[in-house]
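Computation of the quantities below employed the complete heavy-atom set of this structure, encompassing side-chain atoms and omitting hydrogens, waters and symmetry-equivalent molecules. These numbers come from a predicted model, not from an experiment. If you read the sequence from its start, that first residue is 1, and numbering goes on from there.
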Amino acid sequence: MTATRSRWSRTLCAWRRRRGDTNERGVVLVTVTLLLAVMMIFVALVVDIGHASEERRQAQAAADAAAIAAARDTLVTPVSWPTVVGDAKLYASQDLGVPASAWVGCSDASALSYKPDNLNTDSCISADSSATPTRVRVHLPTTSVQTAFAPVIGVSSLHVGASATASIAANENCSLCVLSPSASPALSGTGNGTVTVNSGSIVVDSTANPAARLTHDGSVVAVSIGGPAAPAGFVGSGLGHFSPTPVHEAAELDPLSGLPPCPAAGTGSCPTTVQPNVNLSGTTPMTINPGIYGSISDTGTGQLTLNPGTYIVTQSLSVAGNGPVTANGVTLYFACSAYPTPCNGGQAGASFNLSGNGTLTVSAPTAGPFNGLSIFSDRNNAATSSISGNAGSVGGSVYMAAGSLTLTGNGQAIETRVIVNTVTLSGNSSLTVNAGQTGSVAGQTVSLSG
């Protein structure tokens, strides 16, 4: 009997241990299940919030483009407010797919005083004046982004909106201004050539078809792109593309037409001392001073330094070989051989050629009539200037109203603003325009805020 009880006791204890193990495993299973559920909720939120953030980024880009397009339209006198409103909505539609119906009843608590959109009294397109506006605001209608996973916690959609206010000074509404009225194409990109305008716009004045053409992998990217031939006259083939889609708009007048050239700008900005030609072909460094030069070249390995001031060139500036050229606080003025007599209409005067491994690094003056201007070509100078190889950078604006700019190879130009007659890119060349600079005669005065 005692042995039997002992066996039953051992059996009961074993059963109790197994039951305890089963209970523990059950607790662990429930805990893991709950943790997995919580983790799934977090993953769902991350995915949906990430999607909403991308939608928000696209909405802000669309608002920026719409505000700049609207502000640019106000520079036409008298202001056509239906055009202003129409272009703002066109950019919002092209860049974000905002339908016309979405604007009805749109409300902006921060709207400016004048509301030109007659669809409602609390318009999401507004300006600070009906006659002489200096600011235009665009508040995109709020859209709902459907969530894929968050409905499990009761969130079926997230609201996305964006606003931008643009202020553009008269005659300064393009960051890359291509002024030729008839060249076909006036802006050309072949190969992998790229044009990027950060925080600014591109205007191509040509009425030809095509006025702008991209082939192969070429790309043109800006906040806004337009001209009188757009959109049909802006052609991309292969993978060549414009972003955003170009829109029709009036031709851009020469934005620096009122800037006095040399020698009219005065001796404080335009030197009168005639200097000997410079040809640095060895390894010895050289420093030169402002003046009137026939030609300046660095074809060796020695460093050429230009002291601050204006350098008037009547023949050519050439940087080749491995020699670096540094010019801080400098304006390079390209004239014709009869200087101080201005160039005749269509005359090809002085030009610059940057090639090989030679580099040209220029920063513009920060005061005086040429404030912010690194390259100033006589308004009638029709010469073609070229950048190729490892050409360095130009830190100020480039003004060549009648001249052409050609970029080939791996050449890069980084500008504040570029105003040219035509521009051509090929190979892997790139042109980057960093707009948004203020306080200078050559700077873009577009500002954007939420």
Side-chain angles (χ1 to χ4, degrees), residues 67-81 83-84 87 127 131-136 166-187 195 197 200-208 211-212 220 222-231 233-234 246-261 264-265 342-343 345-346 369-373 375-382 396-405 415-423 433 435-438 440-447:
I68 286 182
R72 187 168 56 233
D73 287 337
T74 66
L75 297 178
V76 179
T77 304
V79 178
S80 172
W81 286 107
T83 300
V84 173
D87 280 351
T132 56
T134 61
R135 289 183 298 148
V136 175
S167 176
I168 305 179
N171 291 329
E172 293 194 5
N173 62 318
C174 55
S175 302
L176 172 57
C177 315
V178 185
L179 301 181
S180 173
S182 58
S184 181
L187 188 158
V195 176
V197 177
S201 61
I202 297 173
V203 177
V204 180
D205 282 357
S206 177
T207 57
V220 173
V223 171
S224 63
I225 304 170
F234 286 58
V247 297
H248 178 81
E249 60 183 81
E252 172 68 28
L253 299 176
D254 180 352
L256 296 184
S257 60
L259 182 63
C343 300
F370 299 156
N371 176 13
L373 192 57
I375 294 177
F376 186 172
S377 187
D378 183 295
R379 289 192 177 90
N380 290 322
N381 184 354
S397 293
V398 171
Y399 178 52
M400 302 163 51
S404 297
L405 179 62
E415 320 292 351
T416 300
R417 197 176 193 196
V418 178
I419 303 164
V420 293
N421 190 57
T422 65
V423 59
V433 183
Q437 302 297 318
T438 59
S440 69
V441 68
Q444 174 65 283
T445 59
V446 176
S447 61

Where do [X] and [Y] come nearest, in terms of heavy atoms and distance?
X	Y	value
Ala250	Pro228	C-CD, 4.4 Å
Phe370	Ala265	CZ-CB, 3.8 Å
Asn421	Ala402	CB-C, 3.5 Å
Ala211	Ala229	CB-CB, 3.7 Å
Phe234	Val204	CZ-CB, 3.8 Å
Ser180	Ala186	CB-CB, 4.3 Å

Intermediate values then yes/no, side-chain contact (heavy atoms from CB on, under 4.5 Å), Asp87 and Val247: CA-CA 8 Å; Asp87 280 351; Val247 297; 5.7 Å; no
Would you check if [X] and [Y] make a side-chain contact, meaning some heavy-atom pair closer than 4.5 Å?
X	Y	result
Pro342	Pro261	no
Thr134	Thr132	no
Glu249	Ser224	no
Leu259	Leu373	yes
Val223	Ser201	no
Val423	Val195	no
Arg379	Cys343	no
Trp81	Pro133	yes

For the atom pair [atom1] ([X]) and [atom2] ([Y]), what is the distance rounded to the nearest 0.5 Å?
X	Y	atom1	atom2	result
Cys177	Glu252	SG	CD	5.0 Å
Leu405	Leu187	CG	CG	10.5 Å
Phe376	Ile419	CZ	CD1	9.5 Å
Ser206	Leu179	OG	CG	11.5 Å

With side-chain hydrogen bond (donor to acceptor under 3.5 Å, both in side chains) as the criterion, how do Thr422 and Ser404 come out once you've worked through the C-alpha distance, each side chain's angles and the decisive distance to 0.1 Å? CA-CA 5 Å; Thr422 65; Ser404 297; 2.7 Å; yes
Which residues pass the side-chain hydrogen bond (donor to acceptor under 3.5 Å, both in side chains) test with Asn381, sequence neighbours left out?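 With sequence neighbours excluded, Asn381 shows a side-chain hydrogen bond (donor to acceptor under 3.5 Å, both in side chains) to Ser377, given in chain and number order.
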Taking side-chain hydrogen bond (donor to acceptor under 3.5 Å, both in side chains) as the test, write out the residues that go with Thr207, two or more places apart.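 Partners of Thr207 under the side-chain hydrogen bond (donor to acceptor under 3.5 Å, both in side chains) test: none.
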Taking only residues two or more places apart in sequence, or in another chain, which ones meet Ala222 in a side-chain contact (heavy atoms from CB on, under 4.5 Å)?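 Ala222 satisfies side-chain contact (heavy atoms from CB on, under 4.5 Å) with Val197, Ile202, Ile225 only.
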Do Arg417 side-chain atoms and Cys174 backbone N/O form a donor-acceptor pair below 3.5 Å?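 Yes, the answer is positive, given that a donor and an acceptor are paired below the 3.5 Å cut-off.
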